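Structure first, commentary second.
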Amino acid sequence: MRILFDQGVPAPLRGHLPNHDIRTAYELGWSLLRNGELLTRAAAQFDALITTDRNLKNQQNLSQVKVAILVLPTTSWPRLQGMLGEIAAAVDALRGGEYLELPLR
């Protein structure tokens, strides 16, 4: 699966999703894009977007978005490390256009 990490997603998470092709918004020069433009570009080039923006669903009309979206509960790498299995399972289960928010454990 081709995955885009939005700003705020800890880069070390990449190493725990080895079967996926992962790029970051920063690597692509997309760090300053607003969510609407980021979603448009992500949908054209990626299968999934991983973000920490829990307001995304309230800021954007996601009904027409073809890219799957996984929202992590925090930007804190130490806290996410305790959820690596759950995150990996959620990523593997994502399907196009799906929106999923993981709760903080």
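Predicted model only: the values in this text are computed from it and were never measured.
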**OP:** Give, for atom CG of L13 and atom CG of L72, the distance between the pair rounded to the nearest 0.5 Å.
**Re:** 6.5 Å
Subject >> Side-chain heavy-atom pair L94, D47 within 4.5 angstrom cut-off >> reply: no
**OP:** Mind checking the CG-OG1 spacing from L4 to T24? Nearest 0.5 Å is all I need.
**Re:** 7.5 Å
Original post:
Does the side chain of L80 come within less than 4.5 Å of P73's, by heavy atoms?
Top reply: yes
Subject >> Neighbour count >12 (heavy atoms, 6.0 Å) for atom CZ, R79 >> reply: no
Original post:
Atom CG of D21 and atom CG of L17: how far apart are they, to the nearest 0.5 Å?
Top reply: 12.0 Å
Original post:
Sequence neighbours excluded, which residues qualify as side-chain hydrogen bond (donor to acceptor under 3.5 Å, both in side chains) partners of T51?
Top reply: D6
Original post:
Got a second to check how far E101's CD is from T52's OG1, nearest 0.5 Å?
Top reply: 11.0 Å
Original post:
Are M1 and F46 grouped together when hydrophobic residues (ILVMFWY) are joined by side-chain heavy atoms under 4.5 angstrom apart?
Top reply: no
**OP:** Answer with yes or no whether the hydrophobic clustering places L70 together with L56; edges join I, L, V, M, F, W, Y residues whose side-chain heavy atoms lie under 4.5 Å apart.
**Re:** no
Original post:
What are the two closest heavy atoms between V67 and A43, and how far apart are they?
Top reply: CB-CA, 3.9 Å
Original post:
After noting the C-alpha distance and the side-chain angles of L100 and I69, does the key distance pass the side-chain contact (heavy atoms from CB on, under 4.5 Å) rule?
Top reply: CA-CA 6 Å; L100 176 64; I69 299 170; over 6 Å; no
Original post:
Are V71 and L84 co-members of a hydrophobic cluster defined by side-chain heavy atoms under 4.5 Å apart?
Top reply: no
**OP:** Can you measure from CZ (R54) to CG (L102) and round to the nearest 0.5 angstrom?
**Re:** 8.0 Å
Original post:
Does L28 share a hydrophobic cluster with L39, counting links as ILVMFWY side-chain heavy atoms below 4.5 Å and allowing steps through other members?
Top reply: yes
**OP:** Determine, stepwise, if the pair R14 / E27 fulfils salt bridge (charged side-chain N to carboxylate O under 4.0 Å, His left out).
**Re:** CA-CA 13 Å; R14 175 186 278 175; E27 290 169 347; 2.9 Å; yes
Subject >> Parallel, tilted or perpendicular: ring planes of H16 versus W77, cut at 30 and 60 degrees >> reply: tilted
Original post:
Is there a donor-acceptor pair under 3.5 Å between the side chain of E98 and the backbone N or O of R95?
Top reply: yes
**OP:** Check step by step if side-chain contact (heavy atoms from CB on, under 4.5 Å) holds for I3 and L49.
**Re:** CA-CA 6 Å; I3 299 172; L49 169 68; over 6 Å; no
Original post:
Between CH2 of W30 and CZ of F5, what distance do you get to the nearest 0.5 Å?
Top reply: 14.5 Å
